[in-house]
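The model shown is predicted, which means the values in this text are computed figures rather than measured ones. FYI, side chains are in, hydrogens and waters are out, and symmetry mates aren't considered; it's all heavy atoms of this structure. We name chains A, B, ... by the order of the sequence lines, and we start the count at 1 in each one.
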Protein chains: 2
Amino acid sequence: MNIGQAAAASGVSTKMLRYYESIGLIPKAGRTEAGYRVYSGTDVNTLRFIRRARDLGLSIERIRLLVGLWQDRERSSGDVKRITEEHVAELEAKIVELTAMRDSLRELADACHGDHRPECPILRDLEGDVDRTARRRAEPLVRERRGHPLEAHRRGHHHGA
Amino acid sequence: MNIGQAAAASGVSTKMLRYYESIGLIPKAGRTEAGYRVYSGTDVNTLRFIRRARDLGLSIERIRLLVGLWQDRERSSGDVKRITEEHVAELEAKIVELTAMRDSLRELADACHGDHRPECPILRDLEGDVDRTARRRAEPLVRERRGHPLEAHRRGHHHGA
DNA sequence: GCTTGACCTTCCCGTCATGGGAAGGGGGAA
DNA sequence: TTCCCCCTTCCCATGACGGGAAGGTCAAGC
């Protein structure tokens with residue numbers, strides 16, 4: 001089974017397969033004489049595991065831990081549960097953050113006429129005009145979570161500085 | 001007012017200030033003889049506008065549009081509202097996606113004993129063992145949204161391939 | 001046997017919005 | 001003058017990939 005077939009069978013792209021190998025998430029695949037990577041049915045199972053974990057939003061680093069536990073007969077389910085709970089907590093925090101943003105913007109958009117005239121509560125809010133409109137937009141709900149996996153890519157919470 | 005003071009006054013870091021200038025989100029700042037950037041109170045107002053927009057999760061590109069409209073006396077609030085609604089829709093989609101993940105994982109974690117024993121419903125689910133446990137994990141709720149700003153960084157929805 | 005085209009290989013670049021840090025120069029106070 | 005903090009530009013890293021170039025391989029069809 002070459003890389004394309006393994007990709008089709010697992011739902012992981014060939015790019016990701018090579019990437020996962022490069023970062024050591026999966027072991028180095030065997031090679032044919034011509035240098036083509038070779039995969040087994042067992043490899044495909046692991047890849048499917050990884051893909052499902054990604055679908056649930058888990059980071060590569062947590063998946064690395066989970067794959068290790070999965071293949072460890074001596075594992076304790078407590079470790080698996082702890083990793084999962086950590087991820088759930090991050091999802092929850094992100095949901096709360098996005099929901100606050102959505103609610104604020106929803107409210108502002110609803111108050112906007114949306115016609116040809118320039119007057120606009122959305123811009124007034126962004127302007128920071130605290131006097132003319134009550135600024136109900138919530139202060140950031142979660143502080144001091146730098147380097148947080150779920151938002152490391154998005155907004156380092158540059159706030160404080 | 002030099003860059004450090006403008007940063008302190010606006011809540012935008014010096015790094016971001018230089019970055020915003022480099023991508024043309026803000027005009028090139030004036031310079032002192034020594035080459036230091038100089039900012040005015042008006043500049044700080046713009047920066048605060050940008051920071052508030054970022055706090056609401058808007059992308060730089062949308063902020064670019066909003067700043068343009070903000071400074072345009074001939075603007076129509078309809079344009080502002082449309083941009084905002086687009087962003088709200090993306091937030092909503094992301095919230096739905098994360099909530100589905102959270103609910104699935106919450107359920108699996110709740111079913112996990114979390115003790116020293118290896119048996120674990122979480123791993124069984126990731127294994128894809130459809131026979132032993134009913135797999136209630138939702139299929140991806142939103143398809144075909146490649147290049148979507150709110151998730152471009154996270155999971156290119158590599159699914160289909 | 002040769003061509004064609006689909007596949008494979010490695011390598012580098014771009015994403016998005018930042019932070020970190022190096023190397024070098026400026027500026028005002030003690 | 002010395003000191004320290006500020007400023008400058010430049011490059012690198014992040015997470016988890018996708019795109020694409022340049023070149024090698026393989027199987028099918030003629």
Side-chain angles (χ1 to χ4, degrees), chain A residues 1-8 11-26 28-39 47 50-51 53-64 87 90 94 145-161, chain B residues 1-8 11-26 28-39 50-51 53-64 90 94 145-161:
Chain A
M1 205 179 198
N2 65 26
I3 198 172
Q5 295 166 324
V12 175
S13 74
T14 58
K15 280 284 190 182
M16 281 188 250
L17 266 168
R18 284 186 277 252
Y19 173 65
Y20 290 165
E21 181 180 315
S22 79
I23 62 169
L25 176 60
I26 54 177
K28 286 184 183 170
R31 302 283 182 136
T32 65
E33 290 172 13
Y36 284 24
R37 286 177 181 78
V38 179
Y39 297 89
L47 290 171
I50 292 170
R51 193 181 84 88
R54 291 293 298 130
D55 284 347
L56 288 168
L58 284 141
S59 70
I60 295 291
E61 286 316 307
R62 286 218 172 91
I63 293 173
R64 193 193 297 272
H87 180 53
E90 286 171 15
K94 192 75 184 172
R145 281 184 302 119
R146 285 179 188 282
H148 194 290
L150 259 178
E151 60 173 11
H153 49 287
R154 178 126 192 116
R155 331 262 351 276
H157 221 269
H158 49 67
H159 247 163
Chain B
M1 205 179 199
N2 65 26
I3 198 171
Q5 295 165 326
V12 175
S13 73
T14 59
K15 280 284 189 182
M16 281 188 249
L17 267 168
R18 284 186 278 252
Y19 173 65
Y20 290 165
E21 181 180 315
S22 79
I23 62 169
L25 176 61
I26 55 177
K28 286 184 183 170
R31 302 283 182 137
T32 65
E33 291 172 13
Y36 285 23
R37 286 177 180 79
V38 179
Y39 297 88
I50 291 169
R51 192 180 84 87
R54 290 294 297 130
D55 284 347
L56 288 168
L58 285 141
S59 70
I60 295 290
E61 286 316 308
R62 285 216 173 93
I63 293 173
R64 192 192 298 271
E90 287 171 15
K94 192 74 184 173
R145 281 184 303 117
R146 286 180 186 282
H148 193 290
L150 260 180
E151 59 173 11
H153 49 290
R154 178 125 192 115
R155 332 257 354 272
H157 222 268
H158 49 68
H159 245 163

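Checking the phosphate oxygens (OP1, OP2) of dC8(C), no side-chain nitrogen or oxygen of Arg31(A) falls inside 4.0 Å.
Rounded to an integer number of Å, the gap from Glu21(B) CD to dC10(D) C1' is 15 Å. As rounded to whole Å, 12 Å separates atom P of dC10(D) from atom NZ of Lys15(B). Separating the CD atom of Glu61(A) from the P atom of dC17(D) is a distance of 12 Å, rounded to the nearest angstrom. Distance Arg64(B) CZ to dA17(C) C1': 13 Å, rounded to the nearest Å.
For the pair Ala34(A) and Asn2(B), both in contact range of DNA chain D, the more 5′-proximal nearest nucleotide belongs to Asn2(B). Mapping Gln5(A) and Ile60(B) onto DNA chain C via the closest heavy atom, the residue that lands nearer the 5' end is Gln5(A).
Note: Arg54(A) CZ to Met16(A) CE = 8.5 Å, rounded to the nearest 0.5 Å.
With respect to Arg64(B) and Glu61(B), a salt bridge is recorded, a charged nitrogen being found less than 4.0 Å from a carboxylate O.
Counting only heavy atoms from C-beta on, Tyr19(B) has its side chain closest to dA17(C) among dA17(C), dC17(D), dT10(C). Considering only the side chain of Tyr36(B), dG27(C) comes nearest among dC8(C), dG27(C), dC17(D).
His87(A) contributes no side-chain N or O that, together with a main-chain N or O of Arg62(A), makes up a donor-acceptor pair within less than 3.5 Å.
Arg37(B) comes within contact range of the sugar-phosphate backbone alone, with a heavy-atom separation under 4.0 Å but no base atom that close. When heavy atoms are screened at a 4.0 angstrom cut-off, Ile3(A) is found touching the sugar-phosphate backbone but no base atom.
Closest of all the heavy-atom pairs between Tyr20(A) and Val12(A) is CE1-CG1, 3.9 Å.
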